[in-house]
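All chains are named by letter (A, B, ...) in the order of the sequence lines, taking the proteins before the strands, and each is independently numbered beginning at 1.
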4 protein chains.
Amino acid sequence: MGIRERKERERERRRQQILVAAKRVFTDKGFSKATMYDIAKEAELSQGTLYLYFKNKDELYSYLSLRILQYLMIRLEHVRAEPVSGVTQRLNALKNAMYDVYEFDPLILINMFHMQSSETLKKLSPDIVDQIDKLSRSALKVMADIFEDGIKNKRLVDYKPVVVADIFWSLFSGIILWETSKKMIDGEKDFLKTTLDTAFEIFFRGISLN
Amino acid sequence: MGIRERKERERERRRQQILVAAKRVFTDKGFSKATMYDIAKEAELSQGTLYLYFKNKDELYSYLSLRILQYLMIRLEHVRAEPVSGVTQRLNALKNAMYDVYEFDPLILINMFHMQSSETLKKLSPDIVDQIDKLSRSALKVMADIFEDGIKNKRLVDYKPVVVADIFWSLFSGIILWETSKKMIDGEKDFLKTTLDTAFEIFFRGISLN
Amino acid sequence: MGIRERKERERERRRQQILVAAKRVFTDKGFSKATMYDIAKEAELSQGTLYLYFKNKDELYSYLSLRILQYLMIRLEHVRAEPVSGVTQRLNALKNAMYDVYEFDPLILINMFHMQSSETLKKLSPDIVDQIDKLSRSALKVMADIFEDGIKNKRLVDYKPVVVADIFWSLFSGIILWETSKKMIDGEKDFLKTTLDTAFEIFFRGISLN
Amino acid sequence: MGIRERKERERERRRQQILVAAKRVFTDKGFSKATMYDIAKEAELSQGTLYLYFKNKDELYSYLSLRILQYLMIRLEHVRAEPVSGVTQRLNALKNAMYDVYEFDPLILINMFHMQSSETLKKLSPDIVDQIDKLSRSALKVMADIFEDGIKNKRLVDYKPVVVADIFWSLFSGIILWETSKKMIDGEKDFLKTTLDTAFEIFFRGISLN
DNA sequence: GATGAATGAGGTTTCATTCAT
DNA sequence: AATGAATGAAACCTCATTCAT
């Protein structure tokens, strides 16, 4: 391994260290109440160092969204790559993938929508906006492909695959957001997993033929 | 009408005027980038005046959530109050109610989740936290009642009504959030209504017997 | 006097108060070592208040240049307005005007050239760049007019009036800069006035016929 | 050549390399907006290395002034060393020397005055302050000598030679500063050379007898 | 000698909130 | 009741300088 490569790897490790710290802090306090100082402290680095790895607070933040999308993509590829089996198994695999995504970062989705303000988007480097755009498209595409399979095999209702994928993803994130919100407000017990289970069941019934 | 009452009414009018302005500004810039100055200007009032009607920025903000919940509640009551008819009609009425809520304030849901940060909740007066809590419970309750009806009549699958209501609400807000987000990022055309239609169809298929 | 007018006047007074403080601080420390905190303290205001009157540090700074140009302009108008007399008297009046400008703000010229970095110019509002531009043109114009008079009357050498004015102004500011610099470096006594006297004498001899 | 000497020479070469880069950067951005990183990049060295050759930013900066003074000194010595000729030829030679100085570094004079802030001077090592002091004195001395010659020969007006030299230098740097400044602000064409010509002509007329 | 990642003090700037009018 | 100038704490961010490699 060349020296240059080692450096690059070291740099990547640092970025991850910062992202992990940032995730904790953002999750805990939300975007606007979290300060760069908090994140630096959590990462056991100085504030200045954060700026060596991320252009500004907004950009650091968006890399978190990117990260969860990347993880989602990896899991979805996995589902797609599995030896072809029946629709039922595939939908099941899809469900499990979503559970994993949730485990990977149960709270970040809450803040993920912070990015939508166009004011915020303007400050991001086009590169990252582009990446986020591409990744979410790809992820949706993979999901759509899975549904399309089922539709072609006359196992699923003939909706547009892209729309079904959109709804699937909306349902998933909507539940996480809402259940988390309820928990925050009245400290209820964590019914999320059960709710998610039921939701998937309803959804799959809803798109299945017979 | 007593003088006291007139004053109270006047005061309420002012509050609404501020809330309308705040909605526009928050929707446009997101919570953290919106300033009290922006809101004051939009409301054609001074910054100081805002504080005569709302304790602080967080509280002003949460009244917006309260407002949409109140509207939701009004529409739901309406659905419940309708002369009892078949499940299909009631689900249809429910669907229409949701469209109305969306028309009433298509974007505020995006920011509504800002509130969930427990740091934010701490700064709100207990009174408003309480109101939000009550209202969302009631709204969910009405929805649950509607589903329960169908379940009792053996027209709907025997899930827990509360859970079905939760999922229904999550699906609705998830789609709004996601579709809006897509539109922001790549300026796609507005497919929201169609997606929402399909989503409701799938959902209703999913919970229906036969 | 209307209330609006009074407010405007009050606002102008505040601006001047800040400019006076800023002049002292910039003169004392130079542009980059002077902080907004220093200026605020000197003006007995808070840092935030400075930003109510000036967009940023660079802009606050440039208003100082504007101020000296305005004073220069006033004095020059005075010279031009004087009942027409011989060239000698007018040049003398011009000389005195320059002495006054020097008294008005003996050190600010040192820093005035800070502005020239195009990086700095970019951050200024076009309005102020425009004003500075116009004022310095006008001032140069008045000087050129005076020289033109003498040239037409065959009392001065036939150089282009604009160029003569440029040289006159350069000589003046060059001497102030250089003498101040010498004083700073080796604390020599203040020969500026004498040097300025001799310089003007040489210059006037240099442009006079016979 | 001993090894020690070779090392010293190598070290000197490096210093010059840094100074050349620094000149470019300072000229481009002005003192305070230029960063050590910018300079290092321009010099194709690392930031740390700069500190092996110069104590700090201020010191690096002042060596640039030193450098132009050194060049000025070399050219002036040349003028003085020329086989004695008439005053006219000598003044002409002096004029050409100044043109050369201007060619050597047309913009650095703008920033040269940054140094005058006493706050800046305090941070410089006494050594360099001393050198700058000595060099500028010597340069002025050579100029004064030339003028003294003319005065003794009854060709120039009997002003104090030192003062005449001061004025000459002020005129020169004043014009460079002012013309550069005008060019920056309104992008006018480069009349500097012409203006400089006229200025010298006026100055020489002004100090000449008859 | 050279590097450049890391530091952290300190700068500029913002903005929720207050309070005299 | 309404104002809006003023505050000042605290945020983001920069950058000269250091030091382990």
Side-chain angles (χ1 to χ4, degrees), chain A residues 3 6-7 10-11 14 18 32-41 43-60 123, chain B residues 7 10-11 14 32-41 43-61 123, chain C residues 3 6-7 10-11 14 18 32-41 43-60 123, chain D residues 7 10-11 14 32-41 43-61 123:
Chain A
I3 201 167
R6 177 150 53 238
K7 284 240 164 120
E10 180 59 31
R11 187 174 166 81
R14 227 347 107 84
I18 294 171
S32 52
K33 318 263 164 168
T35 72
M36 292 303 266
Y37 175 79
D38 293 334
I39 296 169
K41 213 173 53 183
E44 293 179 316
L45 288 169
S46 73
Q47 292 186 66
T49 305
L50 302 187
Y51 287 87
L52 295 177
Y53 294 89
F54 299 93
K55 213 178 73 190
N56 56 40
K57 193 185 171 187
D58 278 321
E59 187 137 329
L60 169 51
K123 289 180 66 181
Chain B
K7 281 221 168 147
E10 180 58 31
R11 187 174 166 81
R14 230 345 113 82
S32 50
K33 317 258 163 168
T35 70
M36 291 301 266
Y37 175 81
D38 292 334
I39 297 168
K41 212 172 55 182
E44 296 179 315
L45 288 169
S46 76
Q47 297 179 70
T49 306
L50 302 186
Y51 286 85
L52 297 176
Y53 293 90
F54 298 93
K55 214 179 74 191
N56 55 40
K57 191 185 172 190
D58 278 322
E59 187 139 330
L60 167 53
Y61 190 84
K123 289 182 68 181
Chain C
I3 201 167
R6 177 150 55 239
K7 282 241 165 117
E10 180 59 31
R11 188 174 164 80
R14 224 351 104 84
I18 293 171
S32 52
K33 317 263 162 166
T35 72
M36 291 303 265
Y37 175 79
D38 293 334
I39 297 169
K41 213 174 51 184
E44 293 180 315
L45 290 168
S46 74
Q47 293 185 66
T49 305
L50 302 187
Y51 286 86
L52 296 177
Y53 293 90
F54 298 93
K55 214 178 75 190
N56 55 40
K57 193 185 170 188
D58 277 322
E59 186 136 331
L60 169 51
K123 288 181 67 182
Chain D
K7 283 222 166 147
E10 180 58 31
R11 188 173 165 79
R14 232 340 116 83
S32 50
K33 317 257 166 171
T35 71
M36 291 301 266
Y37 175 80
D38 292 334
I39 297 169
K41 211 173 54 183
E44 294 179 317
L45 288 170
S46 75
Q47 298 178 67
T49 306
L50 302 188
Y51 286 86
L52 296 176
Y53 293 91
F54 298 94
K55 216 179 74 189
N56 55 40
K57 191 185 172 188
D58 279 322
E59 185 139 330
L60 168 53
Y61 190 85
K123 290 180 68 181

Problem set entry | d(CG, C/D38; P, E/dG11) in whole Å | 7 Å
Problem set entry | D/L52 side-chain proximity, nearest of F/dA1, E/dT13, E/dA2 | E/dA2
Exercise. Toward the 5' end of DNA chain E, which comes first, B/G48 or A/L45, by nearest nucleotide?
Worked result: A/L45
Seminar exercise, completed: When rounded to whole Å, the CD to P distance for the pair A/E59 and F/dC13 reads 11 Å
Seminar exercise, completed: By nearest-heavy-atom nucleotide on DNA chain E, the more 5' of D/T49 and B/T35 is D/T49
Exercise. Within the structure shown, what part of the strands sits under 4.0 Å from A/F54 by heavy-atom distance: base, sugar-phosphate, or nothing?
Worked result: nothing
Exercise. Counting just side-chain N and O atoms, does D/R14 come under 4.0 Å of either OP1 or OP2 of E/dA2?
Worked result: yes
Exercise. In terms of side-chain heavy atoms of A/K7, which of E/dG4, E/dA6, F/dA1 is nearest?
Worked result: E/dG4
Problem set entry | Separation of atom CE in C/M36 from atom P in F/dA10, rounded to whole Å | 20 Å
Problem set entry | Of the listed nucleotides F/dA6, F/dT17, E/dT13, the one nearest the side chain of C/Y53 | F/dA6
For this session: Taking only the side-chain nitrogens and oxygens of C/Y51, find out if one of them lies under 4.0 Å from OP1 or OP2 of E/dT13.
Result: yes
Seminar exercise, completed: Here the gap from C/T49 atom OG1 to C/R14 atom CZ, rounded to the nearest 0.5 Å, amounts to 7.0 Å
Exercise. How close or far is atom C1' of F/dT14 from atom NZ of D/K33, stated in whole angstroms?
Worked result: 12 Å
Exercise. Quick one: is F/dG8 close enough that its OP1 or OP2 comes under 4.0 Å of any side-chain N or O from C/S46?
Worked result: no
Problem set entry | Residue closer to the 5' end of DNA chain F, A/N56 versus B/E10 (nearest nucleotide) | B/E10
For this session: Report the distance from atom CD of A/Q47 to atom CE of A/M36, rounding to the nearest 0.5 Å.
Result: 8.0 Å
Exercise. Roughly how far, to the nearest 0.5 Å, is CZ of D/F54 from CD1 of D/I39?
Worked result: 10.0 Å
Problem set entry | Length of the line joining C/K57:NZ and F/dT14:P, which is rounded to integer Å | 15 Å
For this session: Report the distance from atom NZ of A/K57 to atom OG1 of A/T35, rounding to the nearest 0.5 Å.
Result: 7.0 Å
Exercise. Name the stems that DNA chain E belongs to, where each is three or more consecutive Watson-Crick or G-U pairs with both distances under 3.5 Å?
Worked result: E:2-21 with F:2-21
Seminar exercise, completed: Comparing B/Q47 with A/A34, nearest DNA chain F nucleotide closer to 5' gives the residue B/Q47
